[in-house]
Amino acid sequence: MRPLELTFSGLRSYRSRQHIDFRGHSLVGITGDTGAGKSSIFIAINFALFGACTFEAATPKVLIADGGDGILAVELIFEARGKEWKVSRRLSKTSTNSHHRLEAVDGSETRVGRDAANTRIQQLIGLDQKTFVRSVLLRQGKFEELLHASPAERTRMLKGLLGLDILDTIAQQARDRRDAIIPQLHTLNERKAALFKNPQDTAAQADIEIGQADEQIKQLKRAQDQLAGLDKQRTDAEHERDQLLELAGALTSALETDAPEQLARLAADDAALATEDGALAAELAPLRQQRHELLDELGDRRPGGPLADVPATAATTLGQLREVIEQEAEASSRHAAAATELGNVQNEATGIEAEATDLTTQRLTLEHEHKDAESADADLQKQLDAWRTDLRTARELTASVIRLDQELKDQQADHTTAAATLEQHRATAEQADQAITAAEETLEAQKRLNAAAYAATDLGPGDACLICQHELPDGFVPPHAPALHTAEQALQTARAQAKRTANLVTASLSKERETHTLADQTATRLAETSAQVHDALSVLTRQLGPVDLDRSDDQILQGPLKVLADAQEQTAAKAAELEKVRDSAAEATATAKAINKDIASRTRQIEKAAEHLGVLRSRITGLLRQLPTEYRPEQPSPDQVDQLKKQAAADRLRLGEQWNTLTQLGTAIENLEERRAELATRRADHITAPAQRSQQRMLAITAGYTTLGAVLHSPPASTLDLTADLVAQAQWAIETKDLAQQAVEAGRARAAAITPLLERIAGQAADITNNAPTDGKPIESAYDDAVGCRAVAVETRDTALTQIPIMDDLQRRITAVQPHLDALNVLVELLGNGKFGTAVVQERQQNLLGSATKIIRDMTLGRFAFGPDFQIYDSHTGSLRDVKTLSGGETFQASLALALAVVEQASSSGGRAESLFLDEGFGSLDHNALTYALDALSTQVTAGRLVVVISHMLAVAQHVPALLRVSKNGAGSTVRWATDTELHELADALETGSLHI
């Protein structure tokens, strides 16, 4: 058995579909992180071959991957006995149904079902699962199973691996052949004893009896034919009379109905309901139009719209604005009064104190203004940075929308292509099924012709036909029996084509579902990203007005950037002015130390008032920014704010009234629609359903009339027009019922006229019976007796004529078969006692140990060799060692040598082990031992075998020419072939330890 292609999905950590093509490869390595899923590849091969786990488990469903679709599917194409085979298996986590199918790739053989597939696979590869996992698929930690097996188990395993189980097959075939010949020989003797002693005399006497019987049969046959004609006339007349009476009675029963009257009443009721429904429809139309116009008028301010809450929010903000304006006016007044008092006090001080106080006040004022200006500049700069970030995000989301839209179009095109391909394959599959049906019909017709030909083989002119008993005409020749091979071959070809088209349909259906799923996923992502773009642009529009993302950030933010530049210019001017005042104040301060403490206190109070006033003004500015343009005052005075607040309240009230009107319209429309639905229900219950029942009763009358009319040859009745109104249907029912009543009367009258004909036929039959030569017996009994006598005579003659060559043939066959039976008895005795098979197994076992010794000597530099009973000879100690005393690395070397020897011996002696699968174990070897082990594997590869190795060792990965890399992430495990670049990188690596990927 040699794997060619492996496809699997939903197996352990592999959720998605994986495909590995082993064609063209001989030595393959499998690498990956611990737990990535390397060993699962071998588990997939084992499950494909045997439908079971490589480990102890209650059910193979434990192999189904978590987080997937709950379906385990494995397909393996492998080579065995010179042919390619494909085995496919499928399990479901939620269903008890499973799929197991084995078929030859050339279509010559198919096995369906777990037991049938497993039995045939075991025959093809010569191994059961237990032997397979002990000698061909060496699992991690299980390499030594063949080495440690008991002698009986090892013998059984080697028989399958080395092809020696053919001896058991030959022995069984010899026994079967012998047991089949013995009853055949006994049958030949019994057939000889059953023959006539003098077949020639028996045939002559039978000819005389045949002539006498022929004359009697001829006379009786003439009378039988006359009676048969009269009997047919009587049967036809009775049948016609009974049929007329039966059909007339059935039609009479069907006529007992008031369906025409019922249809007329229903027509009147239906017209009343239609009038009522029209009135409701006329009332409903203007209400729908009014609601539509009101929704258009509301626009975005309809209930739930983006501008629905604008008036209410604006009214609240305007109320807050008026309070802050009043607070600012009061604070400004207090600040002015405090400044006036400070001026009065300073006027009383000396000139220098006045100058110092004035400069100090000016410095403090300028510092405060400069600080506020810097803070405002920083806030505006932060806002600009935030806008730039939002613009960048909006552009990225817009690009994603464009990309996803193109990706969705591509995937939808792929799905359209896949769907078209699926329909083509389905059409081809339907044609293939039709071809099977046609081939089956052709074969069945050929079989009928064949059977008819063989049935007429011994018949000739004058003989009685086996079907109708009529005498065969002169010149009769038995028909030729057509051959069935061509029709059978055509049917087999049609079935093979149907299988191939069914596989194409399955693959196309999988592709169509895959492309449909991808398109749905992309459409969801596109919708989500489009919503994000809309939200981002809505925020920017509210803050900046209409935004064109094709313009640069500076163009979009031109207004805020100019405001920032102007503010920064003013801040710089204030800084220069502040610097000058600080210099003058420093000089004045030196001379103003004696300024009154009261002046300093008043100055501090004025500063606090100024700060508070600045806060209030900033808040006024913030509230103004929050207001929509339509509710924003040009000059924020209390009167203007009150006026705008009243406007917002009025807008809110008007909007509420419009919403209330919309609700009332919806309620009215819903009530009218419910009344129309009630009318429809009443019509269905009280008009449509009763009308259908009346129609069915009238259709029954029409069917009865049609049947009776066919016998009477009456004109056909008109058909019911189901699209017509009930008035027309009621008129049709009245006319049809009258026509049916007339047919009943005509049928009964015609039945009464048949009785005189039956009486005349009975009299003619009695005359023929009385004149026939029956010797007092009934004519049928006399004819049967004559035919029976002739048949006995013919059979006796034919038997006697055929027994002469049969007796000679029986004697010849008895003489020929006896020596063959004697030879089979000798072969059964030789193979049945087991000695010959045991001797062959022992010979092959010694050859196996010899091959294994050569391999293990090469791997261990001549230290180890195999003893005659699978013990290990150690040249370092000069003694035999039990395999249980070997270290882990030594056990691996011995097991590997034995496995490689099995493969080598099996291939050279006609066995079936053409592949070897090794799962880890190399880590227990030192560098030299590892090198020798890998060289041994290369030797097997050069012999044309497939060796697959799982390992974390870098040296192993460097040694193999083809490498499968297994990786695992949140979506599960995947496997792929390593690229040439990756293989070159491994080859150049200097490490000799573990391989990490």
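Because the structure is predicted, anything quoted here is derived from the model rather than measured. Below, all heavy atoms of this structure are taken into account, side chains as well, without hydrogens, waters or symmetry copies.
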Side-chain heavy atoms of [X] within contact of [Y], under 4.5 Å:
X: D33; Y: V966; value: no
X: L384; Y: L557; value: yes
X: Q383; Y: Q543; value: yes
X: W659; Y: L298; value: yes
X: Q555; Y: S552; value: yes
X: D554; Y: Q558; value: no
X: Y631; Y: V310; value: yes
X: K511; Y: T421; value: no

Closest heavy-atom contact between [X] and [Y]?
X: L63; Y: L72; value: CB-CD2, 3.9 Å
X: D377; Y: L564; value: O-CD1, 3.7 Å
X: V324; Y: L616; value: CG1-O, 3.6 Å
X: S9; Y: R17; value: CB-CA, 3.6 Å
X: A519; Y: Q412; value: CB-CG, 4.4 Å
X: L624; Y: P636; value: CD1-CG, 4.3 Å

Does a salt bridge link [X] with [Y], judged by any charged N lying under 4.0 Å from a carboxylate O?
X: K93; Y: D66; value: yes
X: R682; Y: E678; value: no
X: D405; Y: K409; value: yes
X: R654; Y: D651; value: yes
X: D372; Y: K574; value: no
X: R676; Y: E276; value: no
X: R395; Y: D390; value: no

Do [X] and [Y] have side-chain N/O donor and acceptor atoms under 3.5 Å apart?
X: D410; Y: Q406; result: yes
X: T974; Y: S967; result: yes
X: Q658; Y: E297; result: yes
X: Q643; Y: D639; result: no
X: E528; Y: S530; result: no

Please say which of T515, D520, T522 ends up in a side-chain hydrogen bond (donor to acceptor under 3.5 Å, both in side chains) with Q411.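 Single pass found, and it is T522.
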
Counting only heavy atoms not in [X], do more than 12 sit closer than 6.0 Å to its [atom1] atom?
X: H368; atom1: NE2; result: yes
X: R632; atom1: CZ; result: yes
X: K61; atom1: NZ; result: yes
X: R976; atom1: CZ; result: yes
X: H292; atom1: NE2; result: no

Do side-chain atoms of [X] reach the backbone of [Y] as a donor and acceptor pair under 3.5 angstrom?
X: K38; Y: G32; value: yes
X: Y14; Y: G972; value: no
X: R302; Y: G299; value: yes
X: S375; Y: K371; value: no
X: N671; Y: T667; value: yes
X: E328; Y: R617; value: no
X: S400; Y: E396; value: yes
X: S973; Y: A36; value: yes

Contacts table for residues 577-586: side-chain donor-acceptor under 3.5 angstrom, sequence neighbours left out:
from, atom 1, to, atom 2, distance (Å)
R582, NE, E367, OE2, 3.3
R582, NH2, E367, OE2, 3.3
S584, OG, K580, O, 3.4

Nearest-0.5 Å distance, CG of residue L318 to CG of residue L627: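 CG of L627 is found 5.0 Å from CG of L318.
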
CD of Q327 to CG of L613: how many Å apart, nearest 0.5 Å?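 These two atoms lie 11.5 Å from each other.
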
